[in-house]
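Below is one structure, written out as structure tokens; comments come after it.
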Amino acid sequence: MIDSISPDAVLRAEHLARTYDEDAGRVEVLRDVSLSVHAHEMVAVVGASGSGKSTLLHVLGLLDEPDEGRLWIAGQSASGLDERRRSWLRNQSLGFVYQFHHLLPEFSALDNVAMPLIVRRCVRAQAREQAAAMLDQVGLSARATHFPGQLSGGERQRVALARALVTQPACVLADEPTGNLDRHTADAMFSLLVRVNQALGTAFVIVTHDPALAALAHRRFHMQAGRLAEAMPDESAPPASGE
Ligand code: ADP
Ligand code: MG
């Protein structure tokens, strides 16, 4: 079996299935899901609540294992790896942004952003230097010493984005990163994602329930009852103007 993929695919999934066995019966959460994400690409996934979007991101992000199918991250097969190698591949190649920021409340914005580098055993001074540069990228240099409790919702998500980017991952997986923000702040956050995608070339897979934001992505997918289908260009929502 060929275990390599085209070099510009940062993520490739083939025929993924994920099933939960509950007392009430089997729940097929992912059904035959295939997806390729290329370097520099921004992909949006929309779908109703419960359609399997978070499960998909967890599988793509090596936080959950599929029951069937194969997965490659940054050209490496992620199937059948032991936990140590999975963690390594995750830390090397992927970043995450969640709906709720998941920042550590007792650490400053700077130290939260530096954390993935510290986990990598990067020298602390160097980690902080890179974290400061990434906070600058998201426009938050002035908040470096603030704690999460001292930041607004939008600022926390920008810190969470900087933390996801600080290891220079090939791909960032974002699960409703604007879902907890008001319209104006959500638009600003999404514009920032687009800017980062263009400036750093980081690929993004973004789950969003907001069609106007999904319309800004290069490609859109719909998740419905565990099946993923690419939306045709004319299915895209009109731009979010004239509000
Ligand atoms: P979405 O993010 O699109 O709202 P999820 O991926 O969170 O959807 O969930 C999809 C379906 O899988 C839901 O029906 C949910 O109840 C079920 N599910 C998710 N995680 C588990 C789990 N750990 N055990 C059992 N069922 C789960
Ligand atoms: Mg979800």
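Atoms within a ligand are numbered from 1 in the order they appear, just like the ligands themselves. Computed from a predicted model, the values in this text were never measured in an experiment.
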So that I can tick it off, tell me whether Arg86 and Asp82 are bridged by a salt bridge, with the cut-off set at under 4.0 angstrom between side-chain N and carboxylate O.
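Arg86 and Asp82: not salt-bridged.
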Does the salt bridge (charged side-chain N to carboxylate O under 4.0 Å, His left out) test come out yes or no for Arg26 and Glu28, once each step is laid out?
CA-CA 6 Å; Arg26 277 167 78 80; Glu28 290 181 61; 5.7 Å; no
Derivation of the salt bridge (charged side-chain N to carboxylate O under 4.0 Å, His left out) call for Asp175 and Lys53
CA-CA 8 Å; Asp175 196 354; Lys53 305 181 299 297; over 6 Å; no
All pairs passing side-chain hydrogen bond (donor to acceptor under 3.5 Å, both in side chains) where residues 123-134 contributes a residue, at least two apart:
Asp111-Arg128
Indicate yes or no for a side-chain donor-acceptor contact from Arg120 to the backbone of Asn91 under 3.5 Å, with no hydrogens or angles considered.
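Here the side-chain-to-backbone pair exists.
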Heavy-atom closest contact (Ala127 atom, Cys122 atom, distance)
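For Ala127 and Cys122, the tightest heavy-atom pair comes out as N-SG, 4.0 Å.
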Quick one about Ser87 and Arg90 (side-chain donor to acceptor, distance below 3.5 Å, no hydrogens or angles considered), yes or no?
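Note: Arg90 and Ser87 side chains meet the donor-acceptor criterion.
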Ignoring hydrogens and angles, state whether a donor on the side chain of Glu68 or His15 is under 3.5 Å from an acceptor on the partner side chain.
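No, because no side-chain N or O of Glu68 sits under 3.5 Å from a partner of the opposite role on His15.
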Tell me the protein N, O or S atoms under 2.8 Å from the Mg ion (ligand 2), in chain and number order.
Ser54 OG
Would you check ligand 1 and list the protein residues that come within less than 4.0 Å of it by any heavy atom, ordered by chain and number?
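Heavy-atom contacts below 4.0 Å: Tyr20, Glu22, Val29, Ala48, Ser49, Gly50, Ser51, Gly52, Lys53, Ser54, Thr55.
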Salt bridge (charged side-chain N to carboxylate O under 4.0 Å, His left out) with Glu41: which residues, sequence neighbours excluded?
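So Glu41 forms a salt bridge (charged side-chain N to carboxylate O under 4.0 Å, His left out) with Arg219.
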